[in-house]
Amino acid sequence: AIKVVKSGLFSPQALQRFDVERRALAIMNHPAIARVYEAGATPSLEPYFVMEYVSGPPISTYCNQKSLSVRARVELMIKVCEGVQHAHQNAIIHRDLKPSNILVTEVDGQPVPRIIDFGIAKSVEPSRPEGETNSFTQVGGILGTLGYMSPEQSDPGIVNVDTRTDVYS
């Protein structure tokens, strides 16, 4: 799959979020997280990255289509949680976990979840130089999908969400 920032969307915030997503995916290596293979710019200087194409439906659709038992659904969610934990161990908060951002493909007949779309991810690296920000969230702005976000993420006055927001989602 190829993700490109179109020239009409070249706002500084869009480019920063795109770069955060590219860097986040590049540092992670987990079977439950889609992989990035390459990044660059088109001849017209539109940034892009090439990532793993995940051929499969959202996790909720997959579970319903396959009539998975409660046990099988929990086992699938454990794999998702392991992927989210991997992101957190790499100082990345996804901030938009929802069924459509967790696709399920089958490998050797077994369901394998892939977390995608780190487009509003937040880096929580403590080692940034003074004054350099890890987050591109603006105070008063809400990023994410309301039906899945934690209460603190949906409060425009709170800027410092942490890994608990992904756990909630």
Side-chain angles (χ1 to χ4, degrees), residues 1-62 76-129 132-138 141 143-145 148-150 153 161-169:
I2 301 172
K3 191 165 188 174
V4 179
V5 175
K6 294 292 184 189
S7 57
L9 300 175
F10 267 62
S11 73
Q13 293 85 5
L15 290 174
Q16 287 176 329
R17 285 204 179 95
F18 187 82
D19 189 54
V20 166
E21 180 177 16
R22 180 195 55 78
R23 286 185 289 139
L25 286 168
I27 65 171
M28 292 186 283
N29 183 17
H30 192 276
I33 298 174
R35 292 170 181 80
V36 166
Y37 299 122
E38 183 182 338
T42 67
S44 58
L45 302 179
E46 297 169 326
Y48 73 86
F49 62 83
V50 179
M51 62 184 287
E52 170 185 14
Y53 174 73
V54 181
S55 174
I59 191 168
S60 55
T61 302
Y62 180 88
L76 192 56
M77 277 306 298
I78 288 170
K79 293 176 185 177
V80 172
C81 291
E82 290 169 348
V84 171
Q85 179 185 16
H86 178 77
H88 292 170
Q89 289 171 333
N90 282 282
I92 302 295
I93 303 171
H94 188 284
R95 298 196 306 173
D96 199 23
L97 289 171
K98 57 187 176 183
S100 62
N101 284 340
I102 305 168
L103 304 181
V104 180
T105 188
E106 290 187 352
V107 176
D108 297 328
Q110 297 299 311
V112 178
R114 293 281 198 276
I115 302 167
I116 63 166
D117 198 355
F118 282 76
I120 63 168
K122 176 182 177 180
S123 171
V124 289
E125 295 176 273
S127 61
R128 291 284 197 169
E132 186 177 335
T133 183
N134 292 331
S135 173
F136 302 112
T137 306
Q138 297 174 353
L143 293 174
T145 306
Y148 294 96
M149 69 175 55
S150 64
Q153 188 179 352
V161 297
D162 58 31
T163 57
R164 293 175 291 181
T165 199
D166 283 350
V167 173
Y168 180 92
S169 297

Checklist outcome for this item: Sequence neighbours excluded, the answer for side chain to side chain donor-acceptor pair (under 3.5 Å) partners of T163 is none

Side-chain polar contacts of residues 29-39 - donor-acceptor pairs under 3.5 angstrom, sequence neighbours left out - could you list them?
residue : atom : partner : partner atom : Å
H30     : ND1  : A32     : N            : 3.0
E38     : OE2  : Y48     : OH           : 3.3

Next on the checklist: Determine whether a donor-acceptor pair (N or O, by modelled atom type, separation under 3.5 Å) exists between the side chain of D162 and the backbone of R164.
Outcome noted: yes

Checklist entry - Taking all non-hydrogen atoms of both residues, which atom of K122 and which atom of V161 are closest, and how far apart? => result NZ-O, 3.4 Å

Next on the checklist: If I take atom CD1 from residue I93 and atom OG from residue S123, how far apart are they, to the nearest 0.5 angstrom?
Outcome noted: 8.5 Å

Checklist outcome for this item: Those residues at least two apart in sequence (or on a different chain) that pass side chain to side chain contact (heavy atoms under 4.5 Å, CB included) with D96 are H94, K98, N101, I120, T145

Checklist entry - Atom CZ of F49 and atom CD of E21: how far apart are they, to the nearest 0.5 Å? => result 3.5 Å

Item to check | For Q85, side chain to side chain donor-acceptor pair (under 3.5 Å) partners two or more places apart | outcome: none

Next on the checklist: Please enumerate all residues that pass salt bridge (Lys or Arg N to Asp or Glu O under 4.0 Å) together with D19, with sequence neighbours excluded.
Outcome noted: R22, R23

Quick one: side chains of residues 105-113, donor-acceptor pairs under 3.5 Å with protein atoms, not counting sequence neighbours, listed by atom name and distance.
residue : atom : partner : partner atom : Å
T105    : OG1  : S55     : O            : 3.2
E106    : OE2  : Y62     : OH           : 2.6
E106    : OE2  : K66     : NZ           : 3.4

Item to check | Shortest non-hydrogen contact from V5 toward E46 | outcome: O-CB, 3.3 Å

Checklist entry - From L103 CG over to I116 CD1, what is the distance, rounded to the nearest 0.5 angstrom? => result 4.0 Å

Item to check | With sequence neighbours excluded, residues passing side chain to side chain donor-acceptor pair (under 3.5 Å) with K79 | outcome: none

Item to check | For Y148, ring-ring contact (aromatic ring centres under 6.0 Å, His included) partners two or more places apart | outcome: none

Item to check | All side chain to side chain contact (heavy atoms under 4.5 Å, CB included) counterparts of A1, not counting sequence neighbours | outcome: M51, Y53

Item to check | Interatomic spacing from CZ in R95 to CZ in F118 - rounded to 0.5 Å | outcome: 12.5 Å

Next on the checklist: Strictly by salt bridge (Lys or Arg N to Asp or Glu O under 4.0 Å), give each pair with a member in residues 81-92 just once, sequence neighbours left out.
Outcome noted: none

Checklist entry - What distance separates D117 CG from I102 CD1, expressed to the nearest 0.5 Å? => result 11.5 Å

Checklist outcome for this item: Of all heavy-atom pairs linking I115 and L97, the shortest is CG2-CD2, 3.9 Å

Checklist outcome for this item: When every non-hydrogen atom of P99 is compared with those of P58, the smallest separation belongs to O-CB, 3.3 Å

Checklist entry - More than 12 heavy atoms of other residues, nucleotides or ligands under 6.0 Å from CD1 of I27: is that the case? => result yes

